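The structure appears right after this line, and notes come after that.
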Protein chains: 2
Amino acid sequence: MALSHAILAALIECPCSGYDLAKRFDGSVGFFWNASHQQIYRELSRLEAEGQITAEKIEQDGRPNKKLYSITATGKALLQEWIAQPAEVSPVKDDLLVKLFSGHIAPRETILQKLKEHYQQHRAKLEGYQAIAQQHFSDPAQLSEARRFQFLTLRAGIRHEMAWMTWCGEAMSFLTEPAETENTYQSSLYVRDDLAE
Amino acid sequence: MALSHAILAALIECPCSGYDLAKRFDGSVGFFWNASHQQIYRELSRLEAEGQITAEKIEQDGRPNKKLYSITATGKALLQEWIAQPAEVSPVKDDLLVKLFSGHIAPRETILQKLKEHYQQHRAKLEGYQAIAQQHFSDPAQLSEARRFQFLTLRAGIRHEMAWMTWCGEAMSFLTEPAETENTYQSSLYVRDDLAE
DNA sequence: TAACCCATGTAACCTGTTACATGATTAA
DNA sequence: TTAATCATGTAACAGGTTACATGGGTTA
């Protein structure tokens with residue numbers, strides 16, 4: 001399970017409340033994880049019970065009190081242990097691909113519309129990530145250790161959105177004029193032989 | 001929920017048993033969905049009870065009997081309806097990104113090792129997809145309607161693996177020699193203005 | 001003779017989603 | 001005065017994982 005690890009990772013970067021975590025997962029930190037507030041509160045209770053995090057009650061006036069969560073030494077040690085363990089890559093699992101796989105049973109216009117909507121959603125995400133990159137990571141070589149790693153996860157988000165956008169564009173072209181679409185996927189451009197086993 | 005839709009989509013392409021479905025989701029159809037056999041059997045029972053699919057009992061000698069599932073008219077209609085409904089893009093959610101986000105608390109070597117393993121896993125997947133592309137989709141313009149859509153989902157899988165590999169390579173370079181890594185992410189190369197709202 | 005393939009399932013558990021619930025403050 | 005923001009939670013349900021269970025046939 002990785003939700004607990006994602007929460008620990010977020011709390012290491014910056015201690016915060018459950019409410020704040022939900023917003024962070026929904027916003028900038030969303031390029032590496034997301035979760036609903038119900039899931040987060042449940043997990044925070046569990047992590048606190050297990051001693052991986054501690055809560056500090058903050059009394060506020062004019063707004064509800066909150067609990068500020070921070071990671072404990074135990075939590076940090078467990079996270080470090082987990083980082084070193086082997087990991088499998090996650091499968092894609094996107095509704096659009098299921099829709100496309102059986103796309104021949106739907107009107108062509110419906111499918112093209114889905115592709116267009118998908119493209120626009122990914123474009124909006126990409127623009128959001130690029131704005132963060134420009135505001136907070138404009139000089140990558142000068143970043144602190146911690147920020148350098150955050151920058152890399154942001155770059156992963158950016159790469160993903162770009163890949164989706166590229167694919168959506170190709171798919172729409174292919175569906176409207178298949179004869180003009182060339183198959184450029186056999187190339188080995190992306191293969192680094194120095195990384196082969 | 002999309003597992004049921006993924007099953008329906010797979011059964012439209014080719015009626016098969018639960019065992020076969022598990023293998024398909026684990027193999028070539030894995031670029032758009034995956035599921036364990038337990039999940040598949042549970043879902044097949046539900047879909048059959050709801051009349052979306054029908055089972056035909058196949059008696060075999062020398063090996064266990066099996067149930068061959070096919071989609072019904074009801075199931076197909078429901079799938080068509082679902083295809084037309086709006087869809088959100090799925091978040092990434094990959095363990096490696098969580099590990100990287102808090103990568104500064106782990107030894108540098110551990111992180112580089114994780115990146116390398118990830119790269120190799122994606123490379124293996126890419127090679128598998130490319131083999132399918134060459135064997136079954138070598139002339140995309142000549143494909144049938146149904147196969148054309150399957151080709152597009154395969155291309156999505158290929159694009160994803162390429163994006164991951166590119167990112168892994170960049171991340172490793174950045175961690176070993178950050179000064180030489182240029183920030184090439186501000187470009188708008190991937191943006192098609194004709195698709196803006 | 002051990003391991004794997006075929007083929008199906010149950011049970012328990014954990015993760016994720018949806019709906020419901022409260023209640024003050026602030027901005028349109 | 002309506003809606004949004006801040007802030008936390010419970011309950012029920014659906015989706016996904018892990019472990020357990022069976023049993024014949026094939027390959028090393």
Side-chain angles (χ1 to χ4, degrees), chain A residues 1-8 15-27 30 33-50 52-53 55-69 82 85-95 98, chain B residues 1-8 15-27 30 32-50 52-53 55-69 82 85 87-95 98:
Chain A
M1 190 226 343
L3 170 59
S4 62
H5 305 293
I7 288 175
L8 293 177
C16 64
S17 68
Y19 185 85
D20 294 330
L21 265 179
K23 274 200 304 179
R24 289 172 71 191
F25 278 137
D26 207 46
W33 209 262
N34 86 334
S36 61
H37 85 269
Q38 295 84 347
Q39 231 184 316
I40 290 165
Y41 284 119
R42 181 168 58 187
E43 201 62 26
L44 284 172
S45 304
R46 224 207 63 209
L47 287 171
E48 196 189 359
E50 287 176 3
Q52 299 190 240
I53 58 176
E56 185 196 350
K57 274 178 195 164
I58 308 276
E59 310 259 327
Q60 300 182 117
D61 42 62
R63 49 178 65 183
N65 299 335
K66 64 175 178 179
K67 295 184 201 164
L68 191 79
Y69 288 99
W82 175 75
Q85 276 165 22
E88 292 299 307
V89 304
S90 345
V92 176
K93 278 199 179 180
D94 191 284
D95 282 4
V98 179
Chain B
M1 191 224 343
L3 170 58
S4 63
H5 304 292
I7 288 176
L8 293 177
C16 65
S17 68
Y19 185 84
D20 294 330
L21 265 179
K23 273 199 305 178
R24 290 172 72 193
F25 279 136
D26 207 45
F32 79 90
W33 209 262
N34 87 333
S36 62
H37 86 269
Q38 295 84 347
Q39 232 184 314
I40 289 165
Y41 284 119
R42 182 167 58 186
E43 200 62 26
L44 284 172
S45 304
R46 225 206 62 209
L47 288 171
E48 197 189 0
E50 287 177 2
Q52 299 191 240
I53 58 175
E56 186 196 350
K57 274 177 194 163
I58 308 276
E59 311 256 328
Q60 301 182 117
D61 42 63
R63 50 177 65 183
N65 299 335
K66 65 174 175 180
K67 295 184 201 165
L68 191 78
Y69 289 98
W82 175 74
Q85 277 166 22
E88 293 298 306
V89 303
S90 343
V92 176
K93 276 197 180 182
D94 191 284
D95 281 5
V98 179

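First the proteins, then the strands, lettered A, B, ... as listed; each starts at 1. Excluded from the calculations below are hydrogen atoms, water molecules and symmetry mates; all remaining heavy atoms, backbone and side chain alike, are included. Source: prediction; values computed, not measured.
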A:His37 NE2 to D:dC6 P: how many Å, rounded? 14 Å

Nearest-nucleotide check on DNA chain C, A:Ala2 vs B:Gln60; residue mapping nearer the 5' end is B:Gln60

Using a cut-off of 4.0 Å on non-hydrogen atoms, how would the nucleic acid contact of B:Lys57 be classed: base, sugar-phosphate, or nothing? nothing

Going from OG on A:Ser36 to OH on A:Tyr41, what distance comes out if it is rounded to the nearest 0.5 angstrom? 11.0 Å

Nearest-0.5 Å distance that lies between atom CD1 in A:Ile58 and atom CZ in A:Arg63: 12.5 Å

Polar atom pairs between nucleotides 11-13 of chain D and protein, under 3.5 Å, N or O only, would you list them?
none

Separation of D:dA7 C1' from A:Tyr69 OH (nearest whole Å): 11 Å

Can you check the B:His5 NE2 to D:dA14 P distance for me, whole Å? 14 Å

Check the angle between the aromatic planes of B:Phe25 and B:Phe32 and answer parallel, tilted or perpendicular using the 30° and 60° thresholds. perpendicular

Would you say A:Ser4's side chain and A:Leu47's backbone share a donor-acceptor pair under 3.5 angstrom? no

Are more than 12 heavy atoms from other residues, nucleotides or ligands located less than 6.0 Å from atom CD of B:Gln85? yes

Measuring from B:Leu8:CG to B:Glu43:CD, what's the distance to the nearest 0.5 Å? 8.5 Å

Has A:Lys23 got a side-chain N or O lying under 4.0 Å from the OP1 or OP2 atom of D:dC6? yes

At the 4.0 Å heavy-atom cut-off to chain B, mark where contacts on DNA chain C begin and end, going 5' to 3'. C:dC5 to C:dG16

Starting at CG of A:Asp20 and ending at P of D:dA7, how long is that distance when rounded to a whole Å? 6 Å

Collect all protein-nucleotide pairs involving nucleotides 22-28 of chain D in which both atoms are nitrogen or oxygen and the distance is under 3.5 Å.
residue: D:dG25; atom: O4'; partner: B:Gly62; partner atom: O; Å: 3.4

Whole-Å gap separating P (D:dC6) and NZ (A:Lys67): 19 Å

To the closest 0.5 Å, what do you measure between CG (A:Asp26) and CG (A:Leu21)? 12.0 Å

A:Asp95 vs B:Trp33 side-chain heavy atoms within contact, under 4.5 Å: yes

Is A:Ser45 touching bases, backbone alone, or none of the nucleic acid, heavy atoms closer than 4.0 Å? nothing

